[in-house]
2 protein chains.
Amino acid sequence: MNDTTPRTAVRMTRQRAAVAGALGDTDEFCSAQQLHERLRTRGDAVGLATVYRTLQTMADSGDVDVLRGEDGENLYRRCERSEHHHHLVCRVCGRAVEIDGPSVEAWAASVGAAHGFADIDHTVELWGTCVQCRR
Amino acid sequence: MNDTTPRTAVRMTRQRAAVAGALGDTDEFCSAQQLHERLRTRGDAVGLATVYRTLQTMADSGDVDVLRGEDGENLYRRCERSEHHHHLVCRVCGRAVEIDGPSVEAWAASVGAAHGFADIDHTVELWGTCVQCRR
DNA sequence: AGTCGTGATGAGAACGGTTGTCAACTCGAC
DNA sequence: GTCGAGTTGACAACCGTTCTCATCACGACT
Ligand SMILES: [Zn+2]
Ligand SMILES: [Zn+2]
Ligand SMILES: [Zn+2]
Ligand SMILES: [Zn+2]
């Protein structure tokens, strides 16, 4: 009864390969609509809904990082490391650097506990303007 | 020429007083729509657009703190201190504690500079579940 | 290679929070 | 009281995202 064979297979399709490829081409955070447009001009078009679904799936499985841009839209990026980390993001072009808040994790947990809060989660992101986007 | 008389007067209206009053009644972060509903049931109704505009104005002038909830909607709160600070927020009821990341400010600036980023801004928020909302 | 079941796709509608529009209104200075 | 500029509110428009559902196509098994 403990069947280990995947009951829900995840299929590899042209669309998913295309989205993954587009994400792999850049180290910038970009939105679903940006990716959709990029794929369209590139030649292998993918439906917008599919882009959203694919990104959501990849985010759920940890294949991409998601963060909410300052204007409210979700931005996606395939990061180098898979462990928990934070980002320093250019608010103009989306270029990002992976950083780790040294003591942030422990600090968040202790502050939360000190005030009787449980299931502490934290958001730590840095925004700036990178050298290329200056001037 | 250095005219100090306010050329653009900010008027006190029934609506603005109502919004400010509703915000002063609670220490929880709440959305524009929540406030709009609260005002309606309370008796002094205010148009939804006006609630949005008033909150935006108060946020711009620093009278209220804004933060984006995990579901994407803006949440507002009249905080005790006016200096820069961060929050530990209950993701269920919105109740919040004002906290200050001790070294966060300096850390953010140094990390940004180290990577050639300028105009560094940072987002540091803690989410959890408060004692009242547990169980 | 052929079959088949189920996951995947895409065009378009729907959704939810927020902002824009504009004629009517009202605060407050005079 | 007068008057003008700031303010209001009902409603439409916006925009990113999700839902719907008929059609398509992986891929496991012959
Ligand atoms: Zn990352
Ligand atoms: Zn940049
Ligand atoms: Zn605050
Ligand atoms: Zn709570």
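Protein chains get the first letters and strands the later ones, always in sequence-line order, with residue 1 at the start of each.
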Have a look at B:R14 and say if it touches a base, only the backbone sugar-phosphate, or nothing, with a 4.0 Å heavy-atom cut-off.
sugar-phosphate

Here the distance between atom C1' of D:dG9 and atom CG of B:D44, to the nearest Å, is 16 Å

When rounded to whole Å, the CG to P distance for the pair A:L48 and C:dA11 reads 10 Å

Of the listed C:dT9, D:dT7, C:dT18, the closest approach to the A:R53 side chain comes from C:dT9

(request) Report yes if a side-chain nitrogen or oxygen of A:T13 is closer than 4.0 Å to either non-bridging phosphate oxygen (OP1 or OP2) of C:dA8; otherwise report no. (result) no

Looking only at heavy atoms, the pair that brings A:E125 and A:H86 closest together is OE1-C, 4.1 Å

Whole-Å distance, A:D71 CG to C:dG17 P, equals 18 Å

When A:A49 and A:Q33 are each assigned the nearest nucleotide of DNA chain D, the 5'-most assignment goes to A:Q33

Point to revise | Side-chain N,O (B:Y52) to OP1/OP2 (C:dT19) below 4.0 Å | key: no

So, does the side chain of B:R11 form a donor-acceptor pair with the base of C:dG28 at under 3.5 Å?
no

Would you please say whether a donor-acceptor pair under 3.5 Å links the side chains of A:D65 and A:H85?
yes

A:R16 atom CZ is separated from D:dA25 atom P, nearest whole Å, by 15 Å

B:L39 CG to D:dG9 P, in whole Å, measures 11 Å

Given the rule that I, L, V, M, F, W and Y join up when any side-chain heavy atoms are under 4.5 Å apart, are A:I99 and B:F117 in one cluster? yes

When rounded to whole Å, the CZ to P distance for the pair B:R68 and D:dG16 reads 12 Å

Assert: residue with more 5' nearest nucleotide on DNA chain C, out of B:Q15 and B:N74, is B:N74

note: A:E70, atom CD; C:dT18, atom P; distance rounded to Å ~ 17 Å

Quick check, are the ring centers of A:H87 and A:F29 under 6.0 angstrom apart?
yes

Taken to the nearest whole Å, CD/B:E73 to P/C:dT18 is 6 Å

Does B:E70 pair with B:R91 as a salt bridge, N-O distance under 4.0 Å?
yes

